[in-house]
Amino acid sequence: MLTLASDAEMFVPLVTGLVFITWILAAAVKNILVNRARENTRRDVAAYVAEGTIDADKAIAILNAGATINRP
């Protein structure tokens, strides 16, 4: 026979598990979006260099601008 106490004992681990699963999925989505944005920036800078809008030295400086920031 189920009582209120036994239901509460099952509720806490269930909610905790759902929070952790949501956290893991959110972190994975964030990593995907950050990496996609970084790759798009590299492609854009490479296209600017190829068309001659900016020179290679400035492109390297742009790509290395955030290198000191802690990246995931």
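Between T53 atom OG1 and D44 atom CG the span is 11.5 Å, to the nearest 0.5 Å. Put simply, CG on L63 and CZ on R38 are 11.0 Å apart, with the number rounded to the nearest 0.5 Å.
Listed by chain and residue number, nothing satisfies the side-chain contact (heavy atoms from CB on, under 4.5 Å) test with T22 (two or more places apart in sequence, or in another chain). Every salt bridge (Lys or Arg N to Asp or Glu O under 4.0 Å) that R43 has, sequence neighbours left out, goes to E39.
Closest approach of A59 and V49 over heavy atoms only: CB-CG2, 3.4 Å.
The closest side-chain heavy-atom distance from I54 to I62 is below 4.5 Å.
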